[in-house]
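In listed order, ligands and their atoms are each counted from 1.
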Amino acid sequence: MKTDKMNAHSIRVLFDEKTIAARISEISQEMAGADLDDLLVIPILKGSFVFAADLLRAMHRAGLVLEVDFLSLSSYRAATISSGQVEIVRDVESDVSGRSVVLVDDILESGRTLAFAKDLMAARGAKTVSTCVLLNKPGKLATELAADFVGFECPDLFVVGYGMDMAHSFRELPYVGVVENP
Ligand code: IMP
Ligand code: MG
């Protein structure tokens with residue numbers, strides 16, 4: 001298995017580029033089969049930006065017509081332990097009322113981030129709010145939330161890369177991996 005040396009860190013690859021691309025193509029086919037009219041896709045920043053960039057283009061290839069807006073939420077605050085509190089760092093500009101909203105995030109862990117965003121969009125009158133995550137981390141759910149579209153089941157490890165960070169590092173890695181010596 002591939003291991004990258006990033007300065008003093010060794011990163012063990014969990015999901016490589018090809019595997020991620022293939023799964024994203026499958027997810028977008030699933031989405032194309034769902035009833036998503038007047039579709040607004042909302043990536044939750046920052047962690048989802050790489051996943052969203054690939055997913056949006058795959059959705060286009062799958063025939064979906066959509067708009068994109070961004071919601072920036074914060075719960076981790078440059079640490080690997082969640083504070084449990086979710087804050088809006090930057091809100092969407094779009095009116096979501098009556099629309100099919102798909103929220104995109106990197107990881108579903110406690111579910112607090114997505115539950116917060118889902119409640120927010122529902123309270124604003126979205127017709128439907130679906131959720132799509134690249135990774136589903138088992139065992140830590142603090143809410144009832146199950147994502148509608150899931151890339152992969154993720155082992156209970158702190159993962160980085162493909163947009164996900166550890167204290168702002170590693171977002172640029174083209175794969176998802178685990179820091180072996182954090
Ligand atoms: P939740 O609110 O507990 O579901 O946490 C979701 C957010 O926590 C994700 O959007 C990530 O930004 C962050 N997160 C959770 N686990 C990891 C991880 O292993 N690596 C990087 N970020 C993570
Ligand atoms: Mg995040």
**Prompt:** Which bit of Val159 is near ligand 1, meaning a heavy atom under 4.0 Å away: side chain, backbone, both or neither?
**Reply:** both
Does [X] have a heavy atom less than 4.0 Å from any atom of ligand 1?
X	value
Lys46	no
Ser110	yes
Leu73	no
Asp105	yes

**Message:** Quick one about Asp106 and Tyr162 (side-chain donor to acceptor, distance below 3.5 Å, no hydrogens or angles considered), yes or no?
**Reply:** no
**Message:** Using a 4.0 Å cut-off to any heavy atom of Gly111, which atoms of ligand 1 qualify?
**Reply:**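 Listed by number with element, the hits are 1 (P), 3 (O), 4 (O).
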**Prompt:** Against heavy atoms of Asp165, which atoms of ligand 1 measure under 4.0 Å?
**Reply:** 21 (C)
**Prompt:** Looking only at non-hydrogen atoms, which of Thr113, Ile44, Leu108, Leu157 approaches atom 5 (O) of ligand 1 most closely?
**Reply:**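 Considering heavy atoms of Thr113, Ile44, Leu108, Leu157, the nearest to atom 5 (O) of ligand 1 sits in Thr113.
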**Request:** Please answer whether the main-chain N or O of Val96 pairs with a side-chain N or O of Ser94 as donor and acceptor at a distance below 3.5 Å.
**Result:** no
**Request:** Could you tell me whether Met164 and ligand 1 have an N or O pair separated by under 3.5 Å?
**Result:**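 N/O-N/O distance under 3.5 Å: no.
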**Request:** Answer whether the closest heavy-atom distance between the side chains of Leu73 and Phe116 falls below 4.5 Å.
**Result:**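 They are in contact (side-chain heavy atoms under 4.5 Å apart), so the answer is yes.
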**Message:** If you define the side chain from C-beta out and look only at heavy atoms, does anything of Val159 sit under 4.5 Å from Leu14?
**Reply:**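 The answer is yes, as the side chains (C-beta and beyond) meet within the 4.5 Å cut-off.
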Can a salt bridge be assigned to the pair [X] and [Y] using a cut-off of 4.0 Å between side-chain N and carboxylate O?
X	Y	answer
Arg124	Asp95	no
Arg90	Glu93	yes
Arg99	Glu67	yes

